[in-house]
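Since we're looking at a predicted model, the values are computed, not measured. For ligands, and for the atoms within them, numbers begin at 1 and follow the listed sequence.
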Amino acid sequence: MGVMDAIKEKARAAKRRVALPEGTEERILKAAQAAVAERLVTPILLGDENAIRGRAAELGVALAGIEIHDMARSPVREKLAAKLSELRRDKGVDIARAQRLLDDKNCYGVMLVKDGHADAMVSGCTCPTADVLRPALQILKTEPGVSRVSGAFVMVSERKELGDDGITLFADCAVNPVLTPRELAEVAISSARTLKRLLGLEPRVAMLSFSTKGSASHDVVEKVIEATRLAREIDPGLIIDGELQADAALIAAVGAKKAPGSPVAGRANVLVFPSLDAGNIGYKIAQRFGGCEAIGPILQGLNAAVNDLSRGATVADIVGTIAVAAVQAG
Ligand code: ACO
């Protein structure tokens, strides 16, 4: 079974409700219809009900099994405004400002999750990443023990000797331009959790660098060494090693030579990059040069499941992201 098929099977069993704030967007309507056809989730389209119904009719999208949440007319809007104002009072959000913030579809979608009307949210095919992330970060906050939300990709390679049968999780590829050693350690722990939650695999985490076990010295190498130490301190059961170069992390013969005795070298299935530059460039190179399938970005460390879509996302990408969010929502 393929990786996405395995995720979809878990999504089916989870029976989650997923808010889709971009309710009149063609790809979202088609993805919602496909998600119902595949029995993955109950999609909740946000927006003006007449506009959604009109657009669906134009596109020939059947709305059976799909809920519509009309943001302007919803009976829960007042309650959401009161709750938002309560949550953000220290940031000067009074009821009137909360009402205005709820005009933003992503903020509204996040509040539906926060107030339990939806289990997860997927958005971003018509807006920048930051528009989806900011309300999620501000309202849902982080999981206990995590101070930074990060973004992972499940990379699937035809080369079965890499990771676990070709599956490797990369992070942080999407959110934090710069991280402290402590935050990098948290990314390692969040990434291990994501691999386990999503695919049931036992994580072996490599903390990547341009140095392996002291082969080079520099402040940025020290940061990775310190992050590895902190991750072990926070989670003594975690199988983690660093600092490791990517070849030492992934290729058994190189790992044995450069980091003999390492529990991770040569067999890592989680790669933690030292910066967003490295992670974002790294996953795109693996995708474009290496021919890997990239599933994500998967937001991790957040107190609820919210996932961002690329503006170039296809209907199939969106259906996959909906399934991932449903599994994350447990
Ligand atoms: N984890 C947890 N909370 C966070 C994080 C984080 N990583 N980043 C910001 N926050 C919180 C802040 O604490 C703040 O909360 P508060 O309002 O309660 O005080 C709130 O979010 C806003 O913080 P800002 O510092 O104002 O955040 P900013 O406006 O810079 O936006 C964002 C944060 C959107 C994540 C920003 O860092 C960003 O744009 N990152 C890069 C995203 C990107 O472009 N990625 C590459 C493309 S994606 C791809 O290629 C797959």
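- Residues Tyr283 and Phe170 keep their aromatic ring centres 6.0 Å or farther apart.
- Ligand 1 has no atom lying under 4.0 Å from any heavy atom of Pro128.
- In this structure, Arg16 contributes its side chain and Ala120 its backbone to no donor-acceptor pair below 3.5 Å.
- Using a 4.0 Å cut-off between heavy atoms, Glu183 makes no contact with ligand 1 at all.
- Scanning all protein heavy atoms for the shortest distance to atom 15 (O) of ligand 1 gives Gln138 CG, 4.2 Å.
- If you check which protein heavy atom lies closest to atom 43 (C) of ligand 1, you get Ala174 O, 3.5 Å.
- Contact annotation: for Ser310 versus ligand 1, there are no heavy atoms closer than 4.0 Å.
- The closest protein non-hydrogen atom to atom 48 (S) of ligand 1 is Thr129 OG1, 3.9 Å.
- Of all atoms in ligand 1, numbered sequentially from 1 with element shown, those under 4.0 Å from a heavy atom of Lys141 are 18 (O).
- Applying the 4.0 Å criterion to heavy atoms of Ser147 picks out, from ligand 1, the atoms 1 (N), 2 (C).
- Atom 27 (O) of ligand 1 has its closest protein heavy atom at Arg134 NE, 4.4 Å.
- Regarding atom 19 (O) of ligand 1, its nearest protein heavy-atom neighbour is Lys91 NZ, 2.9 Å.
- Looking only at side-chain heavy atoms (C-beta outward), Lys258 and Asp247 come within less than 4.5 Å of each other.
- No hydrogens or angles considered: nothing links the side chains of Thr168 and Asn269 as a donor-acceptor pair under 3.5 Å.
- The distance criterion of under 3.5 Å between nitrogen or oxygen atoms is not met by Leu137 with respect to ligand 1.
- Of all non-hydrogen atoms in Ser147 and Glu186, the two that sit nearest each other are N-OE1, 2.7 Å.
- Residue-level proximity to ligand 1 for Val149 is carried by backbone and side chain together, each with a heavy atom below 4.0 angstrom.
- Summary of contacts: the protein heavy atom closest to atom 37 (O) of ligand 1 is Val175 O, 3.7 Å.
- Atoms of ligand 1 lying under 4.0 Å from at least one heavy atom of Tyr283, given by number and element, are 50 (O), 51 (C).
- Here the heavy atom of the protein found nearest to atom 18 (O) of ligand 1 is Arg88 NH1, 2.7 Å.
- Near Asn176, meaning under 4.0 Å from one of its heavy atoms, ligand 1 places the atoms 6 (C), 7 (N).
- Heavy-atom proximity to Leu133, at under 4.0 Å, picks out these atoms of ligand 1: 35 (C).
- For atom 50 (O) of ligand 1, the nearest non-hydrogen atom of the protein is Asn280 ND2, 3.0 Å.
- Taking only nitrogen or oxygen atoms, main chain and side chain alike, Thr142 does not reach within less than 3.5 Å of ligand 1.
- Counting only distance, with no hydrogens or angles, the side chain of Arg12 and the backbone of Glu38 share a donor-acceptor pair below 3.5 Å.
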